[in-house]
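Shown next, in structure tokens, is the structure this report addresses.
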Amino acid sequence: MKQDVTEIIDQALAVLGKKWDVDNLPQAEVEFPRDEAMGDFATTIAMRLTKILKKPPQKIAGDIVDEINNQHPDFFSKIEIAGPGFINFTFRKEYFQNCLKTILAEEHSTLNTDIGKGRKIQVEFVSANPTGPLHIGHGRGAAVGNALCNILKAAGFDVQKEFYINDAGLQVKLLGQSVHARYQQLLDNDVPFPEDGYKGDYIELIAKEINRQDGSKYLNQPFNECAAFFTSYSYKMMLTNLAKDLKDFGVIFDKWQSEKELHTKGKVQESLDTLRSKQLIYDEDGAMWFKASDFEDNKDRVVKKQDGEFTYFASDICYHKDKLDRGFDTIIDIWGADHHGYIPRIRSVLEAFDLPKDKFEVILIQMVSLLRNGEPVQMSKRSGAFVTLREVIDEVGADLTKFIFLTRKADSHLDFDLDIAKEQSSDNPVFYVQYAFARISSLFRQAVEKNVSGVTGENIQDADLSVLDEDEAVSVIKKLLQYPVVFEGAVQAFEPHRITYYLQELAGVFHAYYHKHRVVSDDNATTLARLSLCKGVKLVLEEGLKMLGVSAPERM
RNA sequence: GCGCCUGUAGCUCAGUGGAUUAGAGCGCCGGCCUCCGAAGCCGGGUGUCGGAGGUUCAAGUCCUCCCAGGCGCGCCA
């Protein structure tokens with residue numbers, strides 16, 4: 001639909017451009033008018049041309065309209081010039097009926113635009129430390145990342161979903177030490193618990209599991225003698241649980257990249273050597289530094305500490321270089337907003353390697369404040385007092401949780417009140433959308449049950465769509481035709497939440513149509529036409545929900 | 001102190017490269033099931049778009065300053 005208008009305007013401009021003796025006319029932008037009464041599409045091209053042509057916009061608009069009417073008489077039912085120089089287009093009803101026919105014939109293929117053209121794109125998200133269960137903030141990252149990958153894939157990108165495992169460094173060691181202490185305590189060896197150790201119940205569960213498997217094998221062994229075992233056993237068990245939680249949330253990664261592996265394969269050292277050869281690494285105060293301040297960062301950063309250990313940043317230097325070396329056209333990192341200060345650091349790294357930093361994108365996910373009855377729930381992994389993603393899913397459901405996360409843009413704060421989510425659960429936007437889908441499924445079951453001629457399963461034969469000329473029907477078709485436009489915008493802006501809003505609107509116009517017009521009736525021709533409309537709605541609802549990673553139930 | 005994000009209806013939030021009269025859901029009030037699913041529909045909105053300047057024919061949208069909230073500013077990750 002959008003394409004049709006754009007092409008027609010461009011054709012008119014091509015002719016007028018010669019008449020006006022101007023080349024390089026700007027591309028005509030089309031948009032949906034705010035008010036449906038103004039028309040189906042509008043363009044501001046006439047106003048944009050006033051500076052170039054030095055003529056009043058209404059005059060230019062008049063020329064454009066005349067040319068369009070000349071080239072395509074009777075294509076539109078109405079073209080109006082309004083306000084300061086808008087051109088408002090209104091299609092004929094037959095146009096919409098034909099568009100619906102196309103959607104039904106081509107199904108999902110007509111909904112997505114090939115924007116990616118096979119380009120490789122990688123999205124790294126969640127990447128939670130394997131030192132504790134996933135919390136609600138990880139859930140938000142998972143929902144957004146997953147939906148983003150879904151739309152990118154649908155838009156023709158070759159997408160890889162990656163989870164970066166922080167299995168090196170102090171935090172996992174601390175995890176191992178915490179488990180070690182609990183293990184000793186379990187066997188009545190009362191060793192002190194590490195000061196900043198992880199205190200959650202899961203620590204004890206891991207300790208018990210080790211005890212179950214190996215008995216008292218490590219009793220009275222100091223941590224530094226069995227650190228490797230406790231650390232590696234603990235984070236691996238955490239990772240297994242993490243992957244399971246994510247899977248139950250509907251998120252499956254293509255690749256799990258180990259930080260530790262970057263070290264053992266010597267890649268970290270290699271990256272630092274390269275930087276040193278460029279004189280971007282220096283030693284000072286017994287530590288090793290990267291000259292980040294030569295680039296976008298405001299100060300230099302330590303890559304190797306005085307104690308000889310690499311920092312997290314050292315592996316991140318290597319990791320981001322490695323990602324681009326793997327041949328991705330774009331790499332997207334999804335981070336918690338509290339890591340935003342890290343962006344200039346990574347951009348500096350890419351610059352230091354002469355890598356194109358515009359291939360690196362960061363999507364920041366703002367904090368989620370978990371509330372219960374309006375009261376904030378404290379979230380601290382180390383104290384062990386937090387609500388896990390698993391608990392939230394069990395309490396309010398995965399579909400609902402994902403949908404809520406996807407109803408606002410990533411970069412805005414979000415209050416997630418468990419009680420409100422549950423209270424509203426019968427009156428919730430996600431059910432509103434799913435209900436429309438289930439309702440249509442029910443209509444088809446109805447039609448089959450009543451042996452409506454021309455309907456088998458959900459296939460409809462030879463429907464004459466000209467009866468779909470009610471205002472509500474036209475509104476529904478128009479809304480269907482907006483999907484590709486919304487989709488394209490969501491892909492280009494990396495904003496899956498736009499789909500969420502769209503689906504609510506689509507469900508809304510459908511419910512309104514349903515109440516006004518009886519679908520399955522004694523009039524066979526009308527039944528077939530209306531079922532066709534429903535089928536179109538169902539296809540788009542299904543597609544949109546799939547993008548969000550939310551289920552589309554046939555019955556509720 | 002410096003940096004990033006946010007500030008739109010009572011509440012939670014949309015608002016796509018500036019543009020025709022600023023929207024939705026919830027809540028609240030009133031209607032609608034002898035009829036395909038009432039998890040639904042219909043009707044009811046007087047908003048300093050945080051504030052002040054600026055750019056523009058045109059600003060919720062762009063620029064500057066200020067105010068409020070959140071988050072960063074580690075040889076933690």
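Quick caveat: nothing in here was measured; it's all calculated off a predicted structure. Just so it is clear: chains get the letters A, B, ... in the order the sequence lines come, proteins before strands, and each one is counted from 1.
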Check your understanding: Base, sugar-phosphate alone, or nothing: which one does A/His413 contact when heavy atoms must sit under 4.0 Å apart?
Key -> base

Review point. How is A/Glu80 classified with respect to the nucleic acid when contacts are heavy atoms under 4.0 Å: base, sugar-phosphate, or nothing?
Key: nothing

Check your understanding: In terms of side-chain heavy atoms, does A/Tyr235 have a donor or acceptor partner in A/Asn129 at a distance below 3.5 Å?
Key -> no

Check your understanding: Counting any heavy atom closer than 4.0 Å, what does A/His339 reach on the DNA or RNA strands: base, sugar-phosphate only, or nothing?
Key -> base

Study note, to complete from the structure: Comparing nearest nucleotides in RNA chain B, the 5'-proximal residue of the pair A/Tyr312, A/Glu554 is A/Glu554

Check your understanding: Among the nucleotides B/A38, B/C71, B/G37, which one has an atom lying closest to any side-chain atom of A/His515?
Key -> B/A38

Check your understanding: NA contact type, A/Asn88, heavy-atom cut-off 4.0 Å: base, sugar-phosphate, or nothing?
Key -> base

Review point. Taking atom P of B/A14 as reference, at what distance in whole Å does atom CD1 of A/Ile499 sit?
Key: 16 Å

Check your understanding: Yes or no on side-chain hydrogen bond (donor to acceptor under 3.5 Å, both in side chains) for A/Asp40 and A/Thr90, after CA distance, side-chain angles and deciding distance?
Key -> CA-CA 5 Å; A/Asp40 302 317; A/Thr90 305; 4.9 Å; no

Review point. Closest to the A/Tyr435 side chain: B/G40, B/C75, B/C13?
Key: B/G40

Review point. At under 4.0 Å, does any side-chain N or O of A/Tyr432 touch on OP1 or OP2 of B/C41?
Key: yes

Point to revise | Same-atom distance (P) from B/A14 to B/U8, integer angstrom | key: 10 Å

Check your understanding: Using atom C1' of each nucleotide, how far apart are B/A22 and B/C63 to the nearest Å?
Key -> 23 Å

Review point. Does the aromatic ring of A/Tyr514 sit over the six-membered base ring of B/C36, closer than 5.5 Å centre to centre and tilted less than 30°?
Key: yes

Practice item. Pick base, sugar-phosphate or nothing for A/Ala438, based on heavy-atom distances below 4.0 Å to the nucleic acid. Key: base

Check your understanding: Hey, does the Lys NZ or Arg CZ of A/Arg345 hover above the aromatic six-ring of A/Phe313, less than 6.0 Å from the centre and inside 45° of the axis?
Key -> yes

Exercise for review: Scan side-chain atoms only and decide if A/Gln171 and A/Tyr198 contain a donor-acceptor pair under the 3.5 Å cut-off.
Suggested key: yes

Check your understanding: Heavy atoms under 4.0 Å, any strand shown: does A/Gln306 hit a base, just sugar-phosphate, or nothing?
Key -> base

Exercise for review: Ignoring the backbone of A/Ala42, work out which of B/U16, B/C36, B/U20 is nearest its side chain.
Suggested key: B/U20

Check your understanding: How long is the line joining CH2 of A/Trp289 and P of B/G74, in whole Å?
Key -> 10 Å

Point to revise | Minimum-distance nucleotide (side-chain atoms of A/Arg408 versus B/A14, B/C76, B/C75) | key: B/A14

Check your understanding: For the pair made of CD in A/Gln366 and C1' in B/G69, what is the distance, rounded to whole Å?
Key -> 11 Å

Practice item. Taking atom types as modelled, find out whether A/Asp333 and A/His339 have a side-chain donor-acceptor pair closer than 3.5 angstrom. Key: no

Check your understanding: Just checking A/Phe313: base, sugar-phosphate only, or nothing, at a heavy-atom cut-off of under 4.0 Å?
Key -> nothing

Check your understanding: What does A/Phe431 touch in the nucleic acid at a heavy-atom separation under 4.0 angstrom: a base, only the sugar-phosphate, or nothing?
Key -> base

Check your understanding: Between A/His497 and B/G15, is there a side-chain N or O to OP1/OP2 distance below 4.0 Å?
Key -> yes

Check your understanding: Which whole number of Å gives the distance between the C1' atom of B/U6 and that of B/U61?
Key -> 15 Å

Review point. What nucleic acid atoms does A/Arg518 come within less than 4.0 Å of, heavy atoms only: base, sugar-phosphate, or nothing?
Key: base

Check your understanding: Can A/Ser315 and A/Glu259 be counted as having a side-chain donor-acceptor contact under 3.5 angstrom?
Key -> yes

Practice item. Test the A/Arg439-A/Tyr514 pair against the cation-pi criterion, namely NZ or CZ under 6.0 angstrom from the six-membered ring centroid and within 45° of the ring axis. Key: yes

Check your understanding: Are side-chain N/O atoms of A/Arg48 and A/Thr44 paired as donor and acceptor at under 3.5 Å?
Key -> yes

Review point. Looking at the side chain of A/Met38, which of B/C75, B/U20, B/A14 is the nearest nucleotide?
Key: B/U20

Exercise for review: Using the P atom on both, measure B/G60 against B/U20 and round to a whole Å.
Suggested key: 9 Å

Practice item. For B/C62, decide between syn and anti, treating a glycosidic angle within 90° of 0 as syn. Key: anti

Check your understanding: Just how far, in rounded Å, is P of B/C36 from CD1 of A/Ile460?
Key -> 20 Å

Study note, to complete from the structure: In RNA chain B, consecutive runs of at least three Watson-Crick or G-U pairs below 3.5 Å, as range with range, amount to B:1-7 with B:67-73, B:10-13 with B:23-26, B:28-32 with B:40-44, B:50-54 with B:62-66

Revision key, fill the gap. Taken to the nearest whole Å, CD/A/Glu296 to P/B/C73 is 19 Å

Practice item. Could you tell me the separation between the CG atom of A/Asp297 and the C1' atom of B/C2, rounded to a whole number of Å? Key: 13 Å

Review point. Any side-chain donor paired with an acceptor under 3.5 Å for A/Glu543 and A/Asn112?
Key: yes

Exercise for review: Establish, with yes or no, whether the OP1 or OP2 oxygen of B/C73 is under 4.0 angstrom from a side-chain nitrogen or oxygen of A/Arg345.
Suggested key: no

Check your understanding: Quick one: is B/A39 close enough that its OP1 or OP2 comes under 4.0 Å of any side-chain N or O from A/Gln434?
Key -> no

Review point. Looking across every strand, which nucleic acid part, if any, lies under 4.0 Å from A/Arg445 by heavy atom: base, sugar-phosphate, or nothing?
Key: base

Review point. Can you check whether A/Lys173 has a side-chain N or O nearer than 4.0 Å to OP1 or OP2 of B/C76?
Key: no

Review point. Between A/Lys538 and A/Phe437, is NZ or CZ placed under 6.0 angstrom from the six-membered ring centre and within 45° of the ring axis?
Key: yes

Practice item. Under 4.0 Å between any heavy atoms, over every strand shown, what does A/Ala490 touch: base, sugar-phosphate, or nothing? Just pick one. Key: nothing

Check your understanding: So, does the side chain of A/His340 form a donor-acceptor pair with the base of B/C71 at under 3.5 Å?
Key -> yes

Exercise for review: May I ask you to say what A/Pro33 touches in the nucleic acid, namely base, sugar-phosphate or nothing, with a heavy-atom cut-off under 4.0 Å?
Suggested key: base

Check your understanding: Reckon A/Lys299 touches a base, only the sugar-phosphate, or nothing at all at heavy-atom distances under 4.0 Å?
Key -> sugar-phosphate

Check your understanding: Distance between the P atoms of B/G54 and B/U16, in whole angstroms?
Key -> 25 Å

Point to revise | Separation of the P atoms in B/C62 and B/C49, to the nearest angstrom | key: 16 Å

Check your understanding: According to a strict under-4.0 Å criterion, is A/Ser412 in side-chain N/O contact with OP1 or OP2 of B/A14?
Key -> yes

Point to revise | Rounded P spacing from B/C11 to B/C75 in Å | key: 42 Å

Review point. When you compare B/G72 with B/A9, how far apart are their C1' atoms, in angstrom units rounded to a whole number?
Key: 33 Å

Practice item. Would you mind classifying the nucleic acid contact of A/Lys409 as base, sugar-phosphate or nothing, using non-hydrogen atoms under 4.0 angstrom? Key: sugar-phosphate

Check your understanding: Between A/Arg530 and A/Tyr513, does any side-chain donor sit less than 3.5 Å from a side-chain acceptor?
Key -> yes

Check your understanding: Quick one: A/Ile79 CD1 to B/U20 P, roughly how many Å, whole number?
Key -> 20 Å

